[in-house]
Number of protein chains: 2
Amino acid sequence: MTIKEVASQLGVSASTISRALARPELLSTETRERVLEAVDRLGYQPNLVARALRLQETRLIYVVIPTLSPFFLEVFRGVERGARETGYAALVGHTGRNVQREQLFLDQVASYRGDGVILVTSSDPAALLARRKRMPPVVAALEEIEGLAAPAVRVDHRKGAVDATNHLLALGHRRVAYIGGPEGQVIAGHRREGFHLAMNQAGLDPDGYPYLAVDYAVELGEQAMESLLTLHPPPTAVFAGNDEIAIGAIRAIKRVGLQVGRDISVIGFDDQRLASLYEPPLTTIRVPTEELGYRAILMMVDQLQGRSTEEDIVLPTSLVIRSTTGAPRA
Amino acid sequence: MTIKEVASQLGVSASTISRALARPELLSTETRERVLEAVDRLGYQPNLVARALRLQETRLIYVVIPTLSPFFLEVFRGVERGARETGYAALVGHTGRNVQREQLFLDQVASYRGDGVILVTSSDPAALLARRKRMPPVVAALEEIEGLAAPAVRVDHRKGAVDATNHLLALGHRRVAYIGGPEGQVIAGHRREGFHLAMNQAGLDPDGYPYLAVDYAVELGEQAMESLLTLHPPPTAVFAGNDEIAIGAIRAIKRVGLQVGRDISVIGFDDQRLASLYEPPLTTIRVPTEELGYRAILMMVDQLQGRSTEEDIVLPTSLVIRSTTGAPRA
DNA sequence: TTGAAAGCGGTACCAG
DNA sequence: CTGGTACCGCTTTCAA
């Protein structure tokens with residue numbers, strides 16, 4: 001069922017059908033109603049591919065996230081909300097932190113399947129800069145992409161990490177260890193810097209305990225904590241690079257019969273859903289993920305519609321105190 | 001950068017460029033290499049929208065899931081794997097169990113944005129049947145859609161529920177309660193039927209405890225269990241409609257100081273990721289979600305390429321015994 | 001082995 | 001207010 005078929009059924013031109021759908025005010029009331037009735041009766045659906053080719057826009061935004069974890073999906077939710085408000089559609093893809101898959105999504109959009117890409121962190125900023133093919137409109141979310149001329153909506157991971165560390169220090173902890181995210185990852189780097197900053201400021205050695213870099217997984221946090229517990233003296237507080245690592249650490253602590261929040265304090269980062277659900281509920285740094293996504297799509301739409309691609313937007317993190325941190329035992 | 005621009009740069013026709021990319025064997029070695037070099041040098045990317053319009057196919061499959069929970073995303077992972085193997089791309093959308101959003105996705109594909117839709121359960125089978133607009137090629141996953149002429153890749157939820165119930169009965173439980181999924185939902189209905197079947201077969205009254213239907217959420221499972229615990233005598237075992245409900249139930253049990261697996265047994269359904277991660281690890285019925293998605297996309301591709309749209313595929317569930325079930329206390 | 005031209009299904013300009 | 005027509009970028013006959 002094409003526009004021409006509908007037109008000939010009604011004895012009008014294709015233009016008239018098109019107008020009835022796109023700019024109904026241009027038609028006489030009578031024709032308009034006749035057309036709309038027929039469109040409904042025949043179940044006509046405009047071919048979006050043809051429209052996109054003609055209009056040179058798809059009204060589709062791709063959101064590319066590293067993994068399908070609830071944390072990143074929350075960003076996507078924000079994008080969806082903003083997309084609805086602005087008449088766009090949004091679709092997610094995940095890369096599994098695989099550089100080639102990231103490029104594949106860029107290719108799709110560069111090939112005009114979508115109007116733009118919201119990159120929720122990049123698996124490989126260097127590859128992005130080296131890209132030879134067309135680069136579609138990009139907005140970076142969660143973290144800027146160094147060297148790339150794309151606006152970013154992000155949080156200050158460094159400051160969040162300073163806040164987390166200071167919370168532990170304010171409770172009286174002096175033997176504080178850090179279990180961080182993957183080596184080489186931009187966000188993990190910034191969080192680590194924040195830890196260093198705060199420790200140095202307090203006159204403490206940030207490298208008093210070995211710096212353990214692991215992937216964002218419960219199991220790996222658990223292993224890292226195990227090795228920390230073999231040290232003498234063990235730390236009285238641990239700052240974990242994200243909530244999953246923190247939960248892993250807590251599991252290890254529980255397993256040796258110690259009590260989290262009393263014997264050893266643990267603070268996470270992100271405030272993922274499981275942070276509040278876990279027992280005991282996790283003290284952590286909240287990242288406003290949904291809001292991040294929402295602002296990112298608005299920025300993208302601004303960019304697409306030629307409005308000022310402003311400066312980066314930096315959203316605040318906040319400390320959420322629950323039950324896994326407390327004063328060190330006397 | 002269009003195909004014509006590349007062509008004129010090289011002094012050949014657009015057809016030649018097209019052929020170099022699609023059917024290189026038709027060209028002389030020399031032209032082919034000249035063209036491919038130029039394509040690479042200029043960073044030319046074919047416009048997929050134009051190609052789709054011409055070819056009348058997008059090679060894109062939409063996967064529509066009710067929520068972005070890890071359970072459904074696992075199905076999507078399977079789809080992606082199969083899509084890669086068959087030269088398709090897959091994209092997820094979620095409906096939030098909102099009927100209109102489900103139709104919106106169907107509209108997108110019916111408007112030729114995609115070649116087909118894999119519906120991972122439907123929020124409203126009735127609306128699907130009543131649909132007046134074009135219905136795109138559909139494959140149902142996880143559960144058939146009653147009345148719709150779409151092939152399904154599914155599991156036998158009824159049998160899985162029978163297995164779960166029998167596991168509790170075999171341990172010696174006689175006072176067994178059921179906390180199910182949302183009223184009116186097809187899958188929840190089937191699981192409930194399985195519970196009834198097994199109880200009746202054992203000569204027990206399936207309605208000995210009130211049937212509590214709640215949404216798939218930890219909090220709601222918790223509330224349901226609380227009310228069950230006020231009963232005299234309380235059940236010695238609970239079959240939960242899915243893992244989230246089960247975890248909620250366990251929280252309620254822990255809170256009153258009882259021990260799960262000893263004082264009260266709990267079995268879930270789905271074997272979501274959190275089932276094995278939870279403490280104690282959850283006994284549950286495993287649904288082969290990834291495999292389900294994989295088979296669904298293969299079925300879809302068969303359908304699109306005109307190969308026999310066979311019968312439904314039914315994959316087996318399996319009982320996974322962990323630590324939340326045990327014999328009733330003497 | 002290569003080129004010219006038609007056409008996929010819309011939209012928008014220009015006439016009338 | 002409505003119709004005719006060109007064109008978006010690609011693929012694929014058909015002809016040379």
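A, B, ... follow the sequence lines: proteins, then strands. Residue 1 opens every chain. Just so you know, these numbers use all the heavy atoms, side chains as well, and skip hydrogens, waters and symmetry mates.
- Between C/dG9, D/dT2, D/dT11, one nucleotide has an atom nearer to the side chain of B/R51 than all others, and that is D/dT11.
- For the pair B/D107 and B/R131, the salt-bridge criterion is met [side-chain N within less than 4.0 Å of a carboxylate O].
- Of all non-hydrogen atoms in B/Q45 and A/A110, the two that sit nearest each other are OE1-CB, 3.0 Å.
- No donor-acceptor pair under 3.5 Å is formed between the side chain of A/H94 and the backbone N or O of A/S69.
- In the set C/dT11, C/dT1, D/dC10, the nucleotide with an atom closest to the side chain of B/S28 is C/dT1.
- Counting distance only, with no hydrogens placed and no angle test, the side-chain atoms of B/T16 and the base atoms of C/dG3 include no donor-acceptor pair under 3.5 Å.
- For C/dG9, neither phosphate oxygen OP1 nor OP2 lies less than 4.0 angstrom from any side-chain nitrogen or oxygen of A/T2.
- The A/L53 side chain lies nearest to C/dG9 when the options are D/dT2, C/dT11, C/dG9.
- At a cut-off of 3.5 angstrom, counting only N and O atoms as typed in the model, there is a donor on one side and an acceptor on the other between the side-chain of A/S15 and the base of C/dA12.
- Not a single donor-acceptor contact under 3.5 angstrom links the side-chain atoms of B/R54 to the base of C/dG9.
- A residue-by-residue look at A/G11 and B/R19 shows that A/G11 has its nearest nucleotide of DNA chain D further toward the 5' end.
- Among the protein residues, A/V12 comes within range of the sugar-phosphate backbone only, with heavy atoms under 4.0 Å from sugar or phosphate atoms but none that close to a base.
- A distance-only check finds a donor-acceptor pair linking the side chain of A/R132 to the backbone of B/D40 [under 3.5 Å].
- The side chain of A/N47 sits closest to C/dG10 out of C/dG10, D/dT11, D/dC1.
- Residue A/T31 places its side chain closer to D/dC1 than to any other of D/dC1, C/dT11, D/dC8.
- Mapping B/L55 and B/T29 onto DNA chain C via the closest heavy atom, the residue that lands nearer the 5' end is B/T29.
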